[in-house]
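Quick caveat, the model's predicted, so the values are computed rather than measured. Scope of the values below: all heavy atoms of this structure, side chains included, with no hydrogens, waters or symmetry mates. Every chain is numbered from 1, with letters handed out A, B, ... down the list of sequences.
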Amino acid sequence: MSWLRRHLLLFAAVAVLLYMLIPNVVVAVFSFNDPVGRYNYTWTEFSTRAWTNPCGPQGLCDSLGLSLRIGLIASLIATVFGTMIAFALGRYRFRARSGTNLLIFMPMATPEVVMGSSLLTLFLMMGVSSGGLAITIAHIMFCVSFVVVAVKARVATLDPRLEEAAADLGANPPQTFLRITLPLAAPGILAGALLAFSLSFDDYIITNFNASPSSITFPMYVWGAAQRGAPVQVNVIGTVMFIAALAIVLVSQLLTSRRRRAAA
Amino acid sequence: MAQHGPGDLELIGLTKSFDDFTAVEPMDLTIPQGSFFALLGPSGCGKTTTLRMVAGLEQPTAGQILIGDTDITNTRPHQRNVNTVFQSYALFPHMSVMDNVQFGLRRRGDKDAKRKAQEALDLVELGHAGRKKPNQLSGGMQQRVALARALVNRPDVLLLDEPLGALDLKLRRQMQIELKRIQQEVGLTFIHVTHDQEEAMTMADSIAVMNAGRMEQLGDPAALYENPSSTFVANFLGQSNLLAAHVTGTAGDGRLTADVHGHEVLVDAGRVPAGLRDVWLGVRPEKLALGEGNGVNELKGTVSDASFSGVATQYLVRMPWGMDLTVVQQNDGSARARLGDAVTLSWDPGHEFVLDSAQDEDAGVEHVVVDG
């Protein structure tokens, strides 16, 4: 009885975790299904056909490649801009500071439908044609906000005296930035970059507004396919994505704990 | 040493103003090479601002900073051969202790960085801790790493910004002795900013006392203590009994007579600034003796408080005019007075100091905030 009482919290935690993971498990299990008909909703028989031929359905791997490309470019540019904005907002007092803060906050607070449609209007007026470029610009725009938030939190905890100490010890400004500021801000920048990539990768609404028939991203492909009957390969890609994300988190956790132990 | 070195540090009319106030009034100061110099004053007196200007972390509003013949006023911090031990230590948390200490040497491309850094760590008795991260060390150890990191560069001037402020009393005493030993060993110019008068007096060769952006007095610790030039210095450096007195005449033998609330006392003429009549007569608590002197400079009162601390007993003696005088009696075997005893206090003429009565008698008194 007391054993149960002591482990009740553990049971509850495991149960919640399992409940949250059920969709991922279902997706993974059904990636080995060989469905009859268009819908992959009922279990028929075990098959590795989708895994051995992930690019089978027409357009799937094209859309995946496009999403990865846009995600990488958008998150890279957003990370560079976002980091610079975060340092400016966190370190300096300037006239447009509160205005910039508001502008940074806006994309996070605006409904995606509003943002998607207004971006489309803007692009139309400026003569930027819909497609990959328009999507990338749109993604950079909203990703910057999230990068700024992530990096600013880190910048706020940086002790400016560390930079003074570096200068005092003979490091010129570029050396101080590369050896002190950047390594210390790196966790925030990395978090911002990862957040930006995943936001870009799975964005549907804003992307859909600014896409052209030749620029179908992965979320758009999945959405379209779901209405016609999603191929099993969608489950395969989903499972791979989930495992990749899990692996990144596990490896980084492992590295930090090992570094901590090595230092001790 | 002196003939090869970089030369004295010289501040000429150094001034720092911020928008609405002047942090440092024009200051002229020469700090001899190889000396241990203390900038002493209460918080907000401008001592840290002065230090930061020497380090290059703060741009002076006016004035010049020279090391030897070289004007460094307009150089950036990384161009100055001046290193700082920060109050918060400011160790780089992502680097090992060794990398922290090597940082300055590496920036200059020193091929021998590792060996020199190890020597510096050995000097502060942390030779074994090179591979650790700063946050794995205690406060005192971090402090020594910060010191090694600055020392290893053999700067022209080493600046210490309240480096012992975060340590507990016992460790602080120990580090004071260490710092002094290291300074004598390496022979660099140390400038030590502190608000702890005892720390300044035990460590420094000379002290500049600062108050509200101005330098009040400059001198060696004994001179400042025995001969403060203002009530601020008298009260900030140790304790003082300030008696309102009026110079009445000469008594021969190089002495003047003065009147203290109706009692005639003798004062060393050399200690009275020319022409001054209304003065503060200052007597340090340990210069006052419990018991009659040689018939001069005697005041009678009653003991209103006595606290025994082992080495000495500190009394408060209430004077007929209502003032409490502080008396420190060494525990040398002489009879101790008890609360309420009528006692006579005396001091030798020449053991006093004399200040203009126009000065505020409470200047520099450290107010103790009592929690309500």
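We find the CG-CZ distance between A:Asp168 and B:Phe103 to be 10.5 Å, quoted to the nearest 0.5 Å.
Heavy-atom contacts from other residues, nucleotides or ligands closer than 6.0 Å to CZ of B:Phe18 number more than 12. Surrounding CZ of A:Arg97 are more than 12 heavy atoms belonging to other residues, nucleotides or ligands, all under 6.0 Å away. More than 12 heavy atoms of other shown residues, nucleotides or ligands fall within 6.0 angstrom of atom CZ in A:Phe94. Taking a 6.0 Å sphere around CZ of A:Phe87, one finds it holds more than 12 heavy atoms contributed by other residues, nucleotides or ligands. No more than 12 heavy atoms of other residues, nucleotides or ligands sit less than 6.0 Å from atom CZ of A:Arg161. Within a 6.0 Å sphere centred on CE of A:Met108, heavy atoms belonging to other residues, nucleotides or ligands number more than 12.
In terms of the side-chain hydrogen bond (donor to acceptor under 3.5 Å, both in side chains) criterion, residue partners of B:Asp156 (sequence neighbours excluded) are, by chain and number, B:Asn81.
Here the shortest heavy-atom pairing between A:Ala165 and B:Arg149 reads CB-NH2, 3.7 Å.
Only the side chain of A:Gln175 comes within contact range of chain B, with at least one heavy atom under 4.5 Å from a heavy atom of that chain. Residue B:Ser88 touches chain A through its side chain alone, counting heavy-atom pairs closer than 4.5 Å. Heavy-atom distances place no part of B:Leu159 under 4.5 Å from chain A, backbone and side chain included.
For residues 180-187 of chain A, heavy-atom neighbours of chain B at less than 4.5 Å comprise A:Ile180, A:Pro183, A:Leu184, sorted by residue number. Near-neighbour residues of residues 51-67 of chain B relative to chain A, defined by a heavy atom under 4.5 Å from a heavy atom of that chain, comprise B:Arg52, B:Ala55, B:Leu57. Interface residues of residues 107-126 of chain B toward chain A, defined by a heavy-atom distance below 4.5 Å and sorted by number: B:Arg107.
For the set B:Val85, B:Asn153, B:Val82, the count of heavy-atom pairs under 4.5 angstrom toward chain A peaks at B:Val82.
Two residues are said to be in side-chain contact when any heavy atoms from C-beta on lie closer than 4.5 Å; A:Arg179 and B:Phe92 fail this criterion.
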